Asker: 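Handing you this structure, nothing more for now.
Every value quoted in this text rests on a predicted model; they were computed, and no experiment measured them.
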Amino acid sequence: VPDACYYVDTVWIDGVVSTDLMQHRPSASAQTGDSLLYTFSNITDDHIVDAHFAPITYPITTIAEGNGQITGEVVSGVAQCGDALSFTITPDDCYVISQISYNGEALADYSLDEHGATTISVVSLDGPVELIAKFERITFSVVETVPQHGSLTYPAAEMGCGENFD
């Protein structure tokens, strides 16, 4: 029986790979603890069973939609079952994080640092990860106010951070 986060990769019986066992083994992404059963019939001699185990790995996908980035140890590729992962989501200047989804579920409970960034942590990886962050531009309202005796030629407007207002 493999340890947690490992699976039976290959089994040799008396120096020969057991193709019958390998055809029926659980996949690398199967639940931990899955085991294989081999029956010895009519035993008349010593036998050697050599089992090799391999780590279960899961795909990691991160997508930054718009003006920002996702950084971390693994932002694309695979990570091993049980790994602790940390992703930092950082908007570009003049942008804010508008939405974060983790494996298809929108996250609502995250805090931002003084730069508008946040960190998402996976304590013990137990499946594939898809992390998507969306960003939107910060906007400001330009409102005209003229107390008396004159006028402005600029209409009220919504301006994006970093834009010029002439």
Asker: Crowded around Q99 CD? As in, over 12 foreign heavy atoms under 6.0 Å?
Answerer: yes
Asker: Testing T90, L107, I97, T88 one by one against T118 for a side-chain contact (heavy atoms from CB on, under 4.5 Å), which residue passes?
Answerer: I97
Asker: Is the side chain of N103 donor-acceptor paired with the backbone N or O of E130 at a distance under 3.5 Å, no angle test?
Answerer: yes
Asker: Does S111 have any side-chain contact (heavy atoms from CB on, under 4.5 Å) partners at least two apart in sequence or in another chain, and if so, which?
Answerer: none
Asker: If you look only at pairs with a residue in residues 107-138, which of them pass as a disulfide (SG to SG under 2.5 Å), with sequence neighbours excluded?
Answerer: none
Asker: Judged by atom type as modelled, is there a donor-acceptor pair below 3.5 Å linking the side chain of D113 to the main-chain atoms of H115?
Answerer: yes
Asker: Okay, side chain of N67, backbone of D92: is any donor-acceptor separation there less than 3.5 Å?
Answerer: no
Asker: A quick test of your reading: do over 12 heavy atoms of other residues, nucleotides or ligands sit less than 6.0 Å from CG of D93?
Answerer: no
Asker: Check the pair H52 / D50 against side-chain hydrogen bond (donor to acceptor under 3.5 Å, both in side chains), numbers first and verdict last.
Answerer: CA-CA 7 Å; H52 289 242; D50 187 15; 3.2 Å; yes
Asker: E65: which residues meet the salt bridge (Lys or Arg N to Asp or Glu O under 4.0 Å) condition with it, sequence neighbours left out?
Answerer: K134
Asker: Can you pull the salt bridge (Lys or Arg N to Asp or Glu O under 4.0 Å) pairs that have at least one residue in residues 116-128, sequence neighbours excluded?
Answerer: none
Asker: Residues sharing V96's hydrophobic cluster, by side-chain heavy-atom contacts under 4.5 Å among ILVMFWY, directly or via others?
Answerer: I138, F140
Asker: Can you list the other members of the hydrophobic cluster that holds I132, where links are side-chain heavy atoms under 4.5 angstrom apart?
Answerer: I63
Asker: Evaluate side-chain hydrogen bond (donor to acceptor under 3.5 Å, both in side chains) for T139 paired with E158, printing each intermediate quantity in order.
Answerer: CA-CA 6 Å; T139 58; E158 186 99 349; 3.0 Å; yes
Asker: Take atom CD1 in I43; do more than 12 heavy atoms of anything else shown fall under 6.0 Å from it?
Answerer: yes
